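On a predicted model such as this, the values are computed, not experimentally measured, just so you know. Starting from 1, each residue takes its place in the sequence as its number.
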Amino acid sequence: MLFGPHIFPCRPVPYRAGQCPPVFFGALNDRRAKILARLPKDHCHVLSETYGADLHKAVCDSRGVVNIHFADGIYTEYPRLLSSYLAGKPVLSEKLGAELVEGRDYGTLGQDHSDQQLRAIFSSFCGGFAARHRLTDFLRRIAGP
């Protein structure tokens with residue numbers, strides 16, 4: 001099943017500033033573990049075995065969501081984009097697919113980002129990519145008149 005890009009809600013989600021380091025959640029493999037180990041401690045907090053309300057709280061308290069590809073390559077992981085967007089957080093990632101622009105739609109993994117930069121990245125993503133890929137707009141287009 002293809003997942004994305006038409007997955008975003010019909011109304012913009014507000015940015016939510018956080019005080020804790022950006023979070024990584026998801027399955028750890030050797031590739032991800034090596035990349036995470038190279039990041040400065042204040043750039044990422046790894047959540048393992050954290051789910052449901054605890055995961056949601058940790059994401060909401062964070063400054064952003066870290067995306068590290070499971071396999072080597074340049075591609076977009078839409079479930080992570082959606083979960084971070086719904087929490088009002090920017091994504092900090094390795095290179096994503098060509099449909100997203102680094103520095104505009106997502107932050108560079110391992111780079112220091114000010115609160116102002118994180119807000120600007122989220123705002124750009126919200127008003128640009130997410131707005132162009134709303135699920136309701138997609139359903140209207142395919143349903144026809």
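Distance CD1/Ile35 to CD1/Ile68: 5.5 Å, rounded to 0.5 Å. Summarising the geometry, atom OH belonging to Tyr78 is positioned 7.5 Å from atom CZ belonging to Phe8; distances are rounded to the nearest 0.5 Å. Rounding to the nearest 0.5 Å places OG1 of Thr108 at 9.5 Å from CD of Gln117. With rounding to the nearest 0.5 Å, the separation of CD in Gln116 from CG in Leu118 is 10.5 Å. One distance of note links NE2 of His6 with CZ of Arg134; it measures 12.5 Å at 0.5 Å rounding. Atom-to-atom distance recorded for Asp61:CG and His45:NE2 is 10.5 Å, nearest 0.5 angstrom.
The side-chain heavy atoms of Pro40 and Asp112, taken from C-beta on, include no pair separated by under 4.5 Å. A heavy-atom distance below 4.5 Å is found between the side chains of Asp105 and Ser124. When side chains are defined from C-beta on, Phe122 does not count as touching Pro14, because their heavy atoms never get closer than 4.5 Å.
When atom types are taken as modelled, the side chain of Ser83 and the backbone of Arg80 share a donor-acceptor pair closer than 3.5 angstrom. A donor-acceptor pair under 3.5 Å is formed between the side chain of Ser62 and the backbone N or O of Gly64. Using modelled atom types, no side-chain atom of Arg16 and backbone atom of Cys60 make a donor-acceptor pair closer than 3.5 Å. Listed for the Ser84 side chain is no donor-acceptor partner under 3.5 Å among the backbone atoms of Val91. Of the possible donor and acceptor atoms, none in the side chain of Tyr15 sits under 3.5 Å from a partner among the backbone N and O of Ser123. Of the possible polar contacts, none joining the His69 side chain to the Glu77 backbone as a donor-acceptor pair under 3.5 Å is found. A donor-acceptor pair is defined here as one N or O able to donate and one able to accept, closer than 3.5 Å; no such pair exists between the side chain of Asp115 and the backbone of Ala17. Put simply, the side chain of Arg32 gets close to the backbone of Ala27: a donor and an acceptor are under 3.5 Å apart.
Cluster membership check: Leu82 shares its hydrophobic cluster with Val13, using side-chain heavy-atom separations under 4.5 Å among Ile, Leu, Val, Met, Phe, Trp and Tyr. Residues Ile121 and Val101 do not share a hydrophobic cluster, defined by chaining ILVMFWY side chains whose heavy atoms lie under 4.5 Å apart. Note: the hydrophobic cluster containing Ile7 also contains Tyr85 (ILVMFWY, side chain heavy atoms under 4.5 Å, direct or indirect links). Val46 and Val23 are members of different hydrophobic clusters when ILVMFWY side chains are connected at heavy-atom separations under 4.5 Å. When the side chains of ILVMFWY residues are joined at heavy-atom separations under 4.5 Å, either directly or via intervening members, Leu96 and Phe25 end up in two distinct hydrophobic clusters.
Among all heavy-atom pairs drawn from Cys44 and Pro21, the shortest one is N-CB, 4.3 Å. Scanning both residues, Lys89 and Val59, for their nearest heavy atoms gives CE-O, 3.2 Å. When all heavy atoms of Cys10 and Thr136 are compared, the closest pair comes out as CB-OG1, 3.2 Å.
The six-membered or imidazole ring of Tyr106 lies away from that of Phe129, with a centre-to-centre distance of 6.0 Å or more.
Residue Pro22 forms a side chain to side chain contact (heavy atoms under 4.5 Å, CB included) with just one option from Leu109, Leu39, Leu92, and that option is Leu92.
Other residues, nucleotides and ligands contribute at most 12 non-hydrogen atoms within 6.0 Å of the CZ atom of Arg11.
Checked for salt-bridge contact, Arg31 and Glu94 meet the test: a charged N lies under 4.0 Å from a carboxylate O.
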